[in-house]
Amino acid sequence: MIALQKVGVSFGTGATRIDAVRDVSFVVDAGESFGLVGESGSGKSTVLRAIAGLIAHARGDIALAGKPVGRRRSKADRKLVQMVFQDPYGSLHPEHTVDQILVDPIAIHRLGDAGRRVARALAEVGLGPEHRFRYPHQLSGGQRQRVAIARALILEPRILLLDEPTSALDVSVQAEILNLLTRLRREHGLTMLMVSHDLAVIAHLCERIAVMSHGAIVEQTTAERLATSTVDHPYTQELLRSNKGFRREEGEGLCPSTPAKADPLQSIT
Amino acid sequence: MSDTLLTVRDLRVVYPGEQEAFVALRGVGFTLGRERLGIVGESGSGKSTAGRAIMGLLPRSARIEASELRLGTTDLLRLDERGFRRLRGKRVAMVLQDPRYALNPMMTVGRQIAETHRTHLRSTAAAARKAALAMLEAVRLHDPARVYDLYPHEVSGGMGQRAMIAMMLIADPEILIADEPTSALDATVQLQVLAILDELVRRRGMGLILISHNLHLVSGFCDRVLVMYAGRVVETCVASRLAEARHPYTRGLLASLPELGHRRPELPQLQRDPAWLADTAFP
Amino acid sequence: MSGVPLARTGGRSWRDWLLATAPASRRQARLGNWYRSWLAFRRNGLAMTGLAIVLLLIVVAAAAPLIASPDAAILQSLSDRLRPASAAHWFGTDELGRDIFARIVFGSRITLAIVAMVAAIVVPIGLGIGLPSGYFGGIVDAVLMRITDIFLAFPRLILALAFSAALGPGIRNAVIAIAITSWPPYARLARAETMTRRKAEFIQAAELQGASPLRILWLQILPLCLSSVIVRLTLDMAGIILTAAGLGFLGLGAQPPTPEWGAMISTGRDYLLDQWWVATIPGIAIFIVSLGFNLLGDGLRDVFDPRSG
Ligand SMILES: Nc1ncnc2c1ncn2[C@@H]1O[C@H](COP(=O)(O)OP(=O)(O)OP(=O)(O)O)[C@@H](O)[C@H]1O
Ligand SMILES: Nc1ncnc2c1ncn2[C@@H]1O[C@H](COP(=O)(O)OP(=O)(O)OP(=O)(O)O)[C@@H](O)[C@H]1O
Ligand SMILES: [Mg+2]
Ligand SMILES: [Mg+2]
């Protein structure tokens, strides 16, 4: 369903140039849910944005549903893949009601029958008609994220990209959203590509998982192997270790630069 | 722990609304020593409001009452905006939730950090730049010089969060209130950032309030944990024994966490009990 | 609690309808949002004063013939020249014996017309240049901003003077001259607002859904820029009125016998020492109206963006 072949993205030029994504290749089958974990700043969001067609200067080949997609996406390509962003506070227009937010994509694609479609999409994500004409500031974080998911689903995409969909939400809402995603995936046969830094969340939703570091995929593994800690790459092992949580004794060992370099914290006192 | 840096007793915050006022905090009390205090609780339970009240950052319309709100010997209830401005950054600092909103979109990340240094320590531009770069390195950013010149929309979520932490630590505050400081960071960097905070608490005796949804993180990192629900502290416990918490709300939160290696088709969702609202003191 | 303790009668229901947390239609949601802003605005005493002044200006302009006789504003009566205030002439008379009160009342129409026409020209030009410049960046931005810089480089009054001199005196040309020199700050403002919003995730979400750039600019970015443009415009109104008066004063704006406030000051200046009211009354009118717009603008800014200021 999704096939990436040597995809690369760089930002800036000259001295400030950075290769945010370097030669990333992976394949996600139809109906599968694929996870992407890795260091902060390692290019996970950039990979998603490249697949979504938001980065015009991405290199390499991206194929969706077996068809290579070009730099400029047609409306049909757009309909195929939708994305849910990390920040439920920043991804909804502050001066549009939920209704406007959901009607807009219907108008763009001239799907018609907006009223019924919106009502159905809201019901699908567990929101009632009372939420339909509210502004985002009248909704809680979890409700906003539901609206964002409804907006992504209203075009009936076959691929859903999720960029840390629950990291801004509290654990009880996280459980609701994860359950919602599980159900939507089952009912619509969606292909999902999800980014998260919470290994437990990723392993809950995804079967196969790729680990990124410094713009490249260092290892592809599975949820089971993560659970049983049978991973190969040192970075993945470190990630698993870190995932166990903070331990006081480790606190010191975690700052390898402390004795070697002058401690930057010291210099500011 | 040793001496008390901050005392909060019976803090109430009311946001006036168009139709009816909203009581965001209804009698919150705690003290903070040179320790790591965690505050957990669901969204809207008033965690950020408590932090903002201490910083004097609540909107002007909000009503604040408390029988005591004291920072060292300073009575925060009597402080005006100017007094707070002198306090902020230097004595108490707060890492705000949503760093990318807290940062000025039209100014590079590094300049904002340097500006903070200049205002509080009256340093020269060159010294401030150096300190800002050192601080960016201290929060484990790979390439501080590059990040220095990036605008907030050009940094990744985790980089923004660390930049914000750098900005708050640069004036060396006595108390740091960190509101979801690591929610956008991957596990390894999260630990590194926590290690920095830990070091500040242990080496310099800083008081730290860590506000977070992440129960695992708080129970592993903090000394004590306050559990908040609907503007109240419903339970206080030793952080390492959070798993043995007794309040049904805390237990519900713990149960809704997905676990690595223990996959359930459906996660249990929190079932709220109206009795929790009446419950003032749960031992 | 902010609101007045409203009676349980009639008023309750529409208030509840407006403030409903679960509006049933788009219209109700929009009106409710406006009503909430109005409630916030209403709390600001100075802003309400500003609003009252601006409303007064509009009412006076609309009802001018009912308030004063049109003839009194134009008709000369040399026997009555330079009379101080009296029951017959509330603000006295000018050097040609015309009633200053009537001239002020009818002059409000001219002031309002200038203000409205300038706004109608400046806002579309400013947005039309600023939005694409901020959104597309690159070459588009460079070209559009250089053009803006050229206009910005000239001192406003001098450029307006040059235009009026070239196009010939008259209100219409004065408006064009003022508008041409006033739009660049709006283009800059719109550009800056657009740039801070361009990377927002909701814009990316719209792109992802296949929205065309035009659609994004119109539906997503424009509404966000509008509030700061309106605030800026209201605050600028004072300057526009003063520039118009300045042109009138120099004889390049409205031509006699039009009762334009600036031109009135200009003729009154010859009598400033002995018949002070001839120049001072229109001066006060200009001052009050400018102040009104300023207070209104400040209040609007507080409503739209509670953090700043
Ligand atoms: N518009 C941009 N201009 C310049 N650099 C950018 C831009 N967008 C991203 N980058 C850089 O690309 C790199 C990868 O960013 P990305 O947002 O993909 O990271 P991420 O893996 O999603 O991190 P996080 O987990 O912290 O969100 C970062 O170094 C970032 O600074
Ligand atoms: N400026 C405000 N005006 C009115 N109500 C507010 C304001 N700020 C916060 N609230 C309300 O106060 C309550 C507590 O908010 P607060 O931000 O403290 O929650 P929180 O525990 O930090 O939640 P989260 O985990 O989502 O950050 C919420 O119900 C919120 O809607
Ligand atoms: Mg990211
Ligand atoms: Mg909060």
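Owing to the predicted nature of the structure, the values given are computational and were not obtained by experimental measurement. To find a chain, count down the sequence lines: A is the first, B the second, and so on, and within it residues start at 1.
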Legend entry - Leading residue by heavy atom contact count with chain B [cutoff under 4.5 Å; candidates Asn179(A), Asn243(A), Val201(A), Val171(A)]: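 Most pairs with chain B among the choices: Asn179(A).
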Inset, instruction - Output the option from Leu178(A), Leu199(A), Leu169(A), Thr228(A) having the highest count of non-hydrogen pairs under 4.5 Å with chain B. - result: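 Of the candidates given, the most pairs with chain B belong to Leu169(A).
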Give, as side chain, backbone, both or neither, the part of [X] having an atom under 4.5 angstrom from any heavy atom of chain B.
X	answer
Ser45(A)	neither
Thr182(A)	side chain
Ile18(A)	side chain

Legend entry - Pair Glu42(B) + Arg272(B): basic N to acidic O under 4.0 Å: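 Salt bridge: yes.
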Legend entry - Pairing of Lys47(B) and Glu180(B) as salt bridge, 4.0 angstrom limit: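 Answer for the salt bridge query: no.
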Chain A interface, residue from [options] that has the most non-hydrogen pairs under 4.5 Å:
options	answer
His142(B), His216(B), Glu259(B)	His142(B)
Val189(B), Asp149(B), Leu253(B), Asp143(B)	Leu253(B)
Leu194(B), Leu185(B), Leu270(B), Leu141(B)	Leu185(B)
Ser240(B), Ser43(B), Ser123(B)	Ser43(B)

Legend entry - Polar contact flag, side-chain donor to acceptor under 3.5 angstrom, Thr236(A)-Glu219(A):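 Side-chain D/A pair, Thr236(A) to Glu219(A): present.
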Inset, instruction - Describe, in one word, how the ring planes of His247(B) and Tyr249(B) are oriented to each other, choosing from parallel (under 30°), tilted (30 to 60°) and perpendicular (over 60°). - result: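 Rings of His247(B) and Tyr249(B): perpendicular, as their planes differ by over 60°.
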Legend entry - Closest non-hydrogen atom pair between Gly38(A) and Tyr235(A), with its separation: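 Closest approach of Gly38(A) to Tyr235(A): C-OH, 3.6 Å.
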Legend entry - Heavy-atom closest pair, residues Pro268(B) and Ala175(A):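 Looks like O-CB, 4.1 Å.
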Legend entry - Contacts of type side-chain contact (heavy atoms from CB on, under 4.5 Å), residue Ala114(B), not counting sequence neighbours: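 Here the qualifying residues are Ala128(B), Ala132(B), Tyr148(B).
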Legend entry - Donor-acceptor contact present, side-chain Arg225(A) to main-chain Thr230(A), <3.5 Å: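 Looks like yes, one N/O pair under 3.5 Å.
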Legend entry - Leu257(B), part contacting chain A, at a heavy-atom distance under 4.5 Å: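 Just the side chain, heavy atoms under 4.5 Å.
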Inset, instruction - Under 4.5 Å heavy-atom distance to chain A, tell me which part of Glu266(B) shows up: side chain, backbone, both or neither. - result: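 For Glu266(B), the contact with chain A is made by backbone and side chain together.
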